[in-house]
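Take a look at the structure set out below.
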There are 2 protein chains.
Amino acid sequence: MLFSTATGYALRALAALPEDGTYCLAKDLSSRLGLPGPYLAKILQGLVQADILASVRGPKGGFRLTRPAHRITVGEVVAAMEGPEAMEGCVMGFPSCNGENPCPLHDAWSAVKSQVSSSMTQATIRDLQLMDIRHKKEAKERVPNSPQP
Amino acid sequence: MLFSTATGYALRALAALPEDGTYCLAKDLSSRLGLPGPYLAKILQGLVQADILASVRGPKGGFRLTRPAHRITVGEVVAAMEGPEAMEGCVMGFPSCNGENPCPLHDAWSAVKSQVSSSMTQATIRDLQLMDIRHKKEAKERVPNSPQP
DNA sequence: CGAAAAAAGCATTCCAGAATCCTTTTTCTG
DNA sequence: CAGAAAAAGGATTCTGGAATGCTTTTTTCG
């Protein structure tokens, strides 16, 4: 993966939150997604600091998105998790590599970076939700006699 | 950086080796490049296993490239250092992401991967040497009254 | 009000990659 | 042959991210 595992967990958790703004327990999220509970809780707390999640304590509390899912970009989440200077510097770690004196991968990597970061600012949590819905639906279609509510 | 620090060190060390196949001490390389000595030594030993370097022990020994620098690709070195499955899996770590059910960054990331890996199989250690030479030359031109041999 | 539920906060543990140290083996040279 | 120079190999330490556990604070509800 390109990002840290914590960033991946954050994105997965955000995509798993309900859209209607109801509060959701950290424990529920972690068990539904199969992620380490206390670790995910800490990540969610960080997302509260970044104003991506809101939380209330106590019974009937939990976490919810501060905004509709289509208003939260993947790029925003990545920046909140990894800091703004993710993906800086030479791909191969050459200290002498820069625009004046590019390494052989410099241009390819620059293209990559702008490509990925523009995709990241385009894509929203909503898109991630849709992907998961699509995924579940396909699984259901592979087993046609599954429970029909 | 995209790769591990060890991979970066390996590439830097290879680019710093003389092209004429003379043996070079691990200690010299590390001091010239400012890299941790014993750690670099271990990395070089790994490159010997991968048939990228040859070594002889004892006085007048050291390390040299097994082939001319333009015959060793960056991709080969990366594969030797990181294993063949570097850069596998979803950028964001979504387990459900695949060709059937792509995440929003899937296509951009696939393009990235093929772009970077083709650049890596194109670029050789020679290209890295040239970059360093260019870098030194520019430094010299910025200080015109530098030592003339 | 008091008890339970839940996030918040903090200290601790775990683990892999990074880095160091020491011993062994090989090879050159006087 | 003896001794020194160097890589090879193994054990160990260090460090930061990943993960866990425990205590505190806030909130709801009977």
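Letters A, B, ... are given to chains in the order of the sequence lines, protein chains preceding strands, and every chain is numbered from 1. Side-chain atoms are counted along with the backbone in the values below, which use heavy atoms only and exclude waters and symmetry mates. Everything quoted here is computed from the prediction, not taken from an experiment.
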Worksheet entry | Counterpart residues, side chain to side chain contact (heavy atoms under 4.5 Å, CB included), relative to A/Ala111 (two or more places apart) | none
Discussion item. Do A/Met120 and A/Val78 make a side-chain contact, defined as non-hydrogen atoms from C-beta onward lying under 4.5 Å apart?
Written reply: yes
Item to complete: Assign B/Glu82 to base, sugar-phosphate, or nothing according to its heavy-atom contacts below 4.0 angstrom with the strands shown.
Response: nothing
Worksheet item: Atom CZ of A/Arg64 to atom P of C/dA7: distance rounded to whole Å?
Response: 14 Å
Worksheet entry | Residues forming a side chain to side chain contact (heavy atoms under 4.5 Å, CB included) with B/Pro38, sequence neighbours excluded | none
Worksheet item: So what does A/Leu44 touch, heavy atoms closer than 4.0 Å: a base, only the sugar-phosphate, or nothing?
Response: nothing
Item to complete: Among residues two or more places apart or on two chains, list those pairs meeting salt bridge (charged side-chain N to carboxylate O under 4.0 Å, His left out) that have a residue in residues 76-90 of chain A.
Response: A/Arg67-A/Glu76
Discussion item. Just to be sure I understand the rule, does B/Ala26 reach a base, reach only the sugar-phosphate, or reach nothing, if contact means heavy atoms closer than 4.0 Å?
Written reply: sugar-phosphate
Worksheet item: Other than A/Tyr23, what residues sit in its cluster of Ile, Leu, Val, Met, Phe, Trp and Tyr side chains whose heavy atoms are under 4.5 Å apart, directly or through others?
Response: A/Val56
Discussion item. Both B/Ser55 and A/Pro59 contact DNA chain D. Taking the nearest nucleotide for each, which residue is further toward the 5' end?
Written reply: B/Ser55
Worksheet item: Which pairs with one or both residues in residues 47-59 of chain A pass side chain to side chain donor-acceptor pair (under 3.5 Å), sequence neighbours excluded?
Response: none
Worksheet item: Who are the side-chain hydrogen bond (donor to acceptor under 3.5 Å, both in side chains) partners of B/Arg32, not counting sequence neighbours?
Response: none
Worksheet entry | Contact letters for nucleotides 11-24 of chain C, in which S counts primed atoms plus P, OP1 and OP2 and B counts the base, heavy atoms under 4.0 Å | B------SBB----
Practice prompt. Mind calculating the distance between CD (A/Gln49) and C1' (C/dA7) to the nearest angstrom?
Written response: 12 Å
Worksheet item: Sequence neighbours excluded, which residues qualify as side chain to side chain contact (heavy atoms under 4.5 Å, CB included) partners of A/Ala69?
Response: A/Glu19, A/Leu65, A/Ile125, A/Arg126, A/Gln129
Discussion item. With a strict under 4.0 Å distance from non-hydrogen atoms of chain A, what nucleotide opens and what nucleotide closes the contacted stretch of DNA chain D, reading 5' to 3'?
Written reply: D/dA18 to D/dT28
